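Scroll down for the structure; my scribbles are underneath it.
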Amino acid sequence: MNQLRALHVPGSPLILPNAWDADSARLVEAAGFPVVATSSAAVAAVLGYEDGHDAPADEMFAAARRIARAVAVPVTVDAEGGYGLTGAELAERLKDAGAAGLNFEDTDHEGSGLVETATQAERIAALRAASPELVINARIDVFLGAEDESAVLDAAIERARAYIEAGADCVYPILAKSPEVLGAFVKAVSPAAVNATYRPGAPDFTELAKLGIARISLGGGLWHAAQGFLKNTLAELADGKLPY
C-alpha cells in the first residue's frame with residue numbers, strides 16, 4: 001500500500017508540520033515526522049510572492065522538487081488550485097517534482113468564489129485517472145470567511161462526498177474549527193479520511209483525534225512562528241542589543 005495513504009487513519013491522525021524549503025523539510029524529517037508537507041503560502045513567501053496562484057507554477061514546482069530531493073520521507077505538495085493545468089499535466093508535474101501527494105483546493109483563482117462542485121469533481125477524477133498512486137487531499141474552501149460554520153456545513157459535506165466519489169483520498173474542510181461542525185462533517189463522510197487545520201483557538205491534537213480526524217495540518221503556522229522570531233531578533237539588533 002502507498003506509504004502516505006496508509007498513514008491516514010481516522011482517530012490516529014498524521015501530523016503535518018508544513019515546510020517551505022529544503023532546510024525546513026530536513027528539520028521536519030529529523031524530528032521524526034514520517035511525511036513532509038509543504039505550505040503554498042510559506043513557499044510563495046520565500047520566493048517573493050503572495051499565496052493564491054501569485055507565484056509562477058514553474059517556481060512552485062521547482063521548490064517542491066528541492067524539498068522532495070532533500071528528504072527520504074514522502075512529500076505532499078500544496079498545489080493550490082492546480083495552476084490552470086489539466087489533470088494529466090498536474091500529475092506529471094508532481095511526479096517530476098517527486099511528490100507522493102498533493103493538496104488540491106476548490107477556490108476559483110481565475111475568477112471569484114469557488115469552482116462548481118461538479119467541475120471540481122471532474123478535475124479530481126482526471127487527476128486520479130492520470131495518477132492512481134497519487135494521494136489526493138481535496139481541500140474544501142466553504143469555511144473560508146464563513147461567520148457561521150454551521151450555515152455552510154451541508155455545502156461542505158456535499159462537496160466532500162462528490163470529491164471522494166471522484167477519487168480523493170482525503171477531504172480537507174480548511175479552517176473549520178467548531179468541534180460540533182467537524183464532528184458532524186467526519187460522521188457524514190465516514191469512513192473517508194478528513195484533514196483538519198490546527199491553529200490557536202481550535203481543537204488541539206487530542207480533541208481532533210477524538211473527533212475522528214485522520215490528518216492534521218499546521219499550514220503556514222511554523223513559517224509565521226519563524227518569521228515572528230526573526231522579526232523580534234532583528235528588532236533587538238536594530239536597538240543595539242545582542243540577541244544571542
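Source: prediction; values computed, not measured. Count residues from 1 along the sequence. Hydrogens, waters and symmetry mates play no part in the numbers below; they use all other heavy atoms, side chains included.
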Derivation and outcome, salt bridge (charged side-chain N to carboxylate O under 4.0 Å, His left out), residues K210 and D204: CA-CA 10 Å; K210 289 179 179 178; D204 62 20; over 6 Å; no

I'd like to know whether W20 forms a side-chain contact (heavy atoms from CB on, under 4.5 Å) with L222, so could you lay out the CA-CA distance, the side-chain angles of the two residues, the decisive distance to 0.1 Å, and finally the verdict. CA-CA 9 Å; W20 52 89; L222 286 181; 3.8 Å; yes

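By the 4.0 Å N-to-carboxylate-O rule, R128 lies close enough to D169 to be salt-bridged with it. Residues D21 and R66 are not paired through a salt bridge, judged by the lack of any N-O separation under 4.0 Å between the basic side chain and the carboxylate. Salt-bridge formation is not detected for the pair D106/R139: no Lys NZ or Arg NE/NH1/NH2 atom is positioned less than 4.0 Å from an Asp or Glu carboxylate oxygen. Electrostatic pairing of K241 and E236 does not count as a salt bridge here, judged by no charged N lying under 4.0 Å from a carboxylate O.
The side-chain heavy atoms of E80 and F104, taken from C-beta on, include no pair separated by under 4.5 Å. In this structure the side chain of F185 never reaches within 4.5 angstrom of the side chain of L211, judged on heavy atoms. Put simply, the side chain of Y49 reaches to within 4.5 Å of the side chain of P56, judged on heavy atoms. The side-chain heavy atoms of N137 and L102, taken from C-beta on, include no pair separated by under 4.5 Å. Looking only at side-chain heavy atoms (C-beta outward), P173 and V194 come within less than 4.5 Å of each other. Contact annotation: the side chain of L127 approaches that of L90 to within less than 4.5 Å [non-hydrogen atoms, C-beta and beyond]. P34 places a side-chain heavy atom less than 4.5 Å from the side chain of L7. Residues L14 and L4 have side chains in contact (heavy-atom distance under 4.5 Å, counting atoms from C-beta outward).
Checked by atom type, the side-chain pair N103/T76 shows no donor-acceptor distance below 3.5 Å. In this model, a donor atom of one side chain and an acceptor atom of the other lie less than 3.5 Å apart for T197 and Y172. Remark: the D78 side chain and the S40 side chain contain an N/O donor-acceptor pair separated by less than 3.5 Å. Residues S178 and E180 bring a donor and an acceptor atom of their side chains to less than 3.5 Å of each other.
Partner of W223 under the side-chain contact (heavy atoms from CB on, under 4.5 Å) criterion, out of L218, V46, N18: V46 alone.
Heavy-atom minimum distance, A214 versus P10: CB-N, 3.6 Å. Between A138 and A168 the shortest heavy-atom distance is CB-CB, 3.8 Å. Heavy atoms only, all atoms of each residue included: G98 and A68 are closest at O-CB, 3.8 Å.
In this structure, CZ on R65 lies 10.5 Å from CG on L94, to the nearest 0.5 angstrom. Between E59 atom CD and L47 atom CG the span is 5.5 Å, to the nearest 0.5 Å. To the nearest 0.5 angstrom, L237 atom CG is 7.5 Å from L242 atom CG. Here R93 contributes atom CZ and M60 contributes atom CE; the two are 11.5 Å apart, rounded to the nearest 0.5 Å. From R5, atom CZ reaches atom SG of C170 across 11.0 Å, with rounding to the nearest 0.5 Å. To the nearest 0.5 Å, atom CZ of residue R199 and atom CD1 of residue I216 are 14.0 Å apart.
No chain of hydrophobic side-chain contacts below 4.5 Å, direct or via other Ile, Leu, Val, Met, Phe, Trp or Tyr residues, connects V35 to F33. Hydrophobic clustering, with ILVMFWY side chains joined whenever heavy atoms are under 4.5 angstrom apart, keeps V73 apart from L16. Residues L144 and L153 do not share a hydrophobic cluster, clusters being chains of Ile/Leu/Val/Met/Phe/Trp/Tyr side chains in contact below 4.5 Å. Linking Ile, Leu, Val, Met, Phe, Trp and Tyr residues whenever their side-chain heavy atoms come within less than 4.5 Å places V171 and L208 in a single cluster. The hydrophobic clustering, which links ILVMFWY residues whose side-chain heavy atoms are closer than 4.5 Å, places L85 and Y163 together.
For E29 (side chain) and A72 (main-chain N/O), a donor-acceptor pair under 3.5 Å exists by modelled atom type. Panel note: side chain R215, backbone A196; no donor-acceptor pair is recorded below 3.5 Å. Checked by atom type and distance alone, the side chain of D108 pairs as donor or acceptor with a backbone atom of G111 at under 3.5 Å. For T233 (side chain) and F229 (main-chain N/O), a donor-acceptor pair under 3.5 Å exists by modelled atom type. Judged purely by atom type and a 3.5 angstrom limit, R161 uses its side chain to pair as donor or acceptor with the backbone of A188. Remark: side-chain polar atoms of S190 are not paired, donor with acceptor, to backbone N or O of V186 under 3.5 angstrom. Between the side chain of T38 and the backbone N or O of V77, no donor-acceptor pair lies under 3.5 Å. Here the side chain of Q3 pairs no donor or acceptor atom with the backbone of P74 at under 3.5 angstrom. At least one donor-acceptor pair closer than 3.5 Å links the side chain of Q120 to the backbone N or O of E105. With hydrogens and angles ignored, the 3.5 Å screen pairs a side-chain donor or acceptor of H53 with a backbone N or O of G81.
In this structure, the ring of Y83 has its center less than 6.0 angstrom from the ring center of F61.
Around the CD atom of E165, the shell of radius 6.0 Å holds no more than 12 heavy atoms that belong to other residues, nucleotides or ligands. For CD of E116, the number of neighbouring non-hydrogen atoms (other residues, nucleotides, ligands) closer than 6.0 Å is 12 at most.
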